[in-house]
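Just so it is clear, the values below take in all heavy atoms, side chains as well, and ignore hydrogens, waters and symmetry mates.
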Amino acid sequence: MQLEETARLLVAPERGILAADESSATIGKRFETLGIPCTAESRRTYRELLFTSPGIERYLSGVILYEETLKQATQGGGRFVDLLAERHILPGIKVDGGAKPLAGHPGEFVTEGLDGLRERLIAYRDLGARFTKWRAVIAIDSARPSRTAIQANAEALARYALLAQEQELVPIVEPEVLMEGDHDQERCEEVTRAVLNRVFEALRDHGAHLEGLILKPNMIVAGKKCPIQPDIAAVAEATLRTLRQSVPAAVPGIAFLSGGQTPERATAHLNAMNQSPASWQVTFSFSRALQEPPLGAWAGRADQAALAQKLFSHRAHLNSLARMGRYSPTLEGAV
Ligand code: 13P
């Protein structure tokens with residue numbers, strides 16, 4: 001079955017996923033801090049730099065694109081989707097319309113984009129996409145998330161997943177419990193478990209084919225402003241415990257988001273999790289933790305492109321090692 005085969009390829013050993021699907025507004029903010037003008041051409045140039053980096057096909061199984069990029073081409077005129085496919089990297093597409101304030105629930109969000117999704121999915125598939133992503137955002141503090149926010153996002157994720165599977169596109173189901181706030185690790189675990197349980201209940205209710213989807217969760221960390229930060233082993237242990245309690249073994253793989261962790265921490269956490277056997281593949285689907293080093297080095301300067309590509313390939317390599325439990329911090333800085 002095509003869905004299962006695509007899902008297996010996405011979480012194949014030694015490989016993980018690059019999330020390069022930042023909306024133009026989100027990448028605009030990242031460009032702005034580095035003084036890079038944000039235009040369709042600067043976004044195209046940057047993404048060409050990433051996708052043509054030497055050796056990345058050994059470490060990346062897929063790249064999640066934003067709609068604009070799905071339709072863009074290299075400077076030489078070849079479509080990005082074809083370039084990736086030639087490198088045996090599956091092209092995917094972010095299909096949600098972004099997290100919007102949830103009416104009646106201040107500080108909470110619901111992801112929009114279900115209207116007309118079937119037609120968009122058909123168009124994306126015709127353009128060469130093989131998989132998709134939908135991100136739900138769960139805000140966390142002592143009173144949040146509400147049951148309503150969890151419920152609304154779980155339902156939307158399930159409806160999206162079914163629509164994607166209908167078009168033979170693997171859905172990456174991403175319920176992200178945010179790192180913003182001062183909550184402790186225990187609270188993150190409690191909330192993440194509740195969210196994942198509700199998401200899988202909705203997926204089952206709607207009839208999702210669990211063997212043909214990928215889960216993209218947050219790791220179980222403390223809020224960025226929490227004075228007590230768990231060490232690497234504690235994050236790995238709590239994350240695996242939470243996932244074992246909530247994620248059915250039928251799901252072929254879990255591909256983590258990095259969520260604002262430093263690149264080194266995200267890699268170390270992934271590595272620690274891959275020291276123990278699990279019933280699903282455990283890999284990465286990072287945006288910031290893969291892109292921060294190359295984006296900072298490039299900063300819009302053509303003469304820095306080769307260095308940026310080296311840093312990107314190196315980061316992808318380290319995550320590939322971590323995905324197999326073979327990373328060591330001593331490998332940092334080898335560029
Ligand atoms: P981060 O790795 O920067 O959290 O991004 C992952 C992602 O794709 C968010 O939707």
Side-chain angles (χ1 to χ4, degrees), residues 7-20 49-64 84 87-90 92 131 172 174 214-221 230-241 243-244 247 251-298 306-335:
R8 266 198 303 271
L9 285 173
L10 283 170
V11 295
E14 297 182 15
R15 298 167 97 204
I17 301 166
L18 164 67
L49 178 158
L50 293 179
F51 305 159
T52 56
S53 294
I56 54 163
E57 64 278 5
R58 292 202 295 274
Y59 319 125
L60 298 181
S61 56
V63 174
I64 317 173
L84 292 170
R87 302 188 79 177
H88 304 289
I89 299 173
L90 297 175
F131 69 102
I172 294 187
E174 181 181 10
I214 308 286
L215 177 72
K216 176 163 172 166
N218 51 283
M219 299 181 194
I220 307 297
V221 291
D231 64 17
I232 289 160
V235 169
E237 195 184 315
T239 305
L240 285 176
R241 177 171 62 230
L243 293 170
R244 284 194 186 108
V247 184
V251 172
I254 289 172
F256 285 100
L257 60 93
S258 58
Q261 303 176 50
T262 63
E264 294 79 7
R265 277 302 275 213
T267 308
H269 288 151
L270 180 64
N271 185 64
M273 281 187 268
N274 275 298
Q275 303 305 314
S276 329
S279 42
W280 355 258
Q281 299 293 320
V282 175
T283 189
F284 59 92
S285 175
F286 298 156
S287 161
R288 283 164 285 181
L290 277 167
Q291 293 188 52
E292 266 170 22
L295 181 59
W298 175 61
L307 172 64
Q309 287 191 321
K310 258 193 211 145
L311 290 170
F312 178 54
S313 299
H314 183 56
R315 202 72 240 155
H317 185 193
L318 295 180
N319 282 301
S320 158
L321 291 170
R323 187 245 169 286
M324 303 306 290
R326 294 191 211 124
Y327 161 82
S328 154
T330 56
L331 299 167
E332 294 287 349
V335 173

From L84 atom CG to L90 atom CG, the distance as rounded to the nearest 0.5 Å: 9.0 Å

Positive for side chain to side chain contact (heavy atoms under 4.5 Å, CB included) with V235, one of T239, I232, D231: T239

Exercise: identify the closest heavy-atom pair between N274 and A322: ND2-O, 3.3 Å

Donor-acceptor pair, side chain of R15 and main chain of L60, under 3.5 angstrom: yes

Between CD on residue E237 and CD on residue Q275, distance to nearest 0.5 Å: 13.5 Å

Side-chain donor/acceptor of S53 to backbone N/O of L50, under 3.5 Å: yes

Name of the residue among F284, Y59, F312 meeting ring pair (Phe, Tyr, Trp, His ring centres under 6.0 Å) with H317: Y59

Contact check, side chains of S285 and F256, non-hydrogen atoms, under 4.5 Å: no

Nearest heavy atoms of N271 and L321, plus distance in Å: OD1-O, 4.2 Å

K216 side, atom NZ; I64 side, atom CD1 - distance, nearest 0.5 Å: 4.0 Å

Minimum side-chain heavy-atom gap H88-L9 below 4.5 Å: no

Nearest heavy-atom neighbours spanning M273 and V282: CB-CG1, 4.3 Å

Distance-only donor-acceptor check, side chains R323 and Q281, under 3.5 Å: yes

Minimum heavy-atom distance between T283 and G16, given as atom pair plus value: OG1-CA, 3.3 Å

Worked check of side-chain contact (heavy atoms from CB on, under 4.5 Å) between L311 and W298: CA-CA 10 Å; L311 290 170; W298 175 61; over 6 Å; no

R244 side chain near S276 side chain, heavy-atom distance below 4.5 Å: yes

Value rounded to 0.5 Å, distance of CE in M219 from CD1 in I254: 11.0 Å

CZ/R58: more than 12 non-hydrogen atoms of other groups inside 6.0 Å: no

Polar side-chain atom of Q291 near backbone of A19 as donor-acceptor pair, under 3.5 Å: yes

Side-chain heavy-atom pair L49, Q309 within 4.5 angstrom cut-off: yes

Donor-acceptor contact present, side-chain T262 to main-chain R265, <3.5 Å: yes

Distance, nearest 0.5 Å, that separates CD1 of I172 from CG of L10: 6.0 Å

Heavy-atom side-chain contact between W280 and L243 under 4.5 Å: yes

Between E332 and Y327: side-chain donor-acceptor atoms closer than 3.5 Å: yes

Heavy-atom donor-acceptor pair, S313 side chain to I56 backbone, under 3.5 Å: no

Contact check, side chains of I17 and S61, non-hydrogen atoms, under 4.5 Å: yes

Minimum-distance pair of heavy atoms, taken over all atoms of H269 and V221: CE1-CG1, 4.3 Å

Heavy-atom closest contact (I214 atom, G253 atom, distance): CG2-O, 3.5 Å

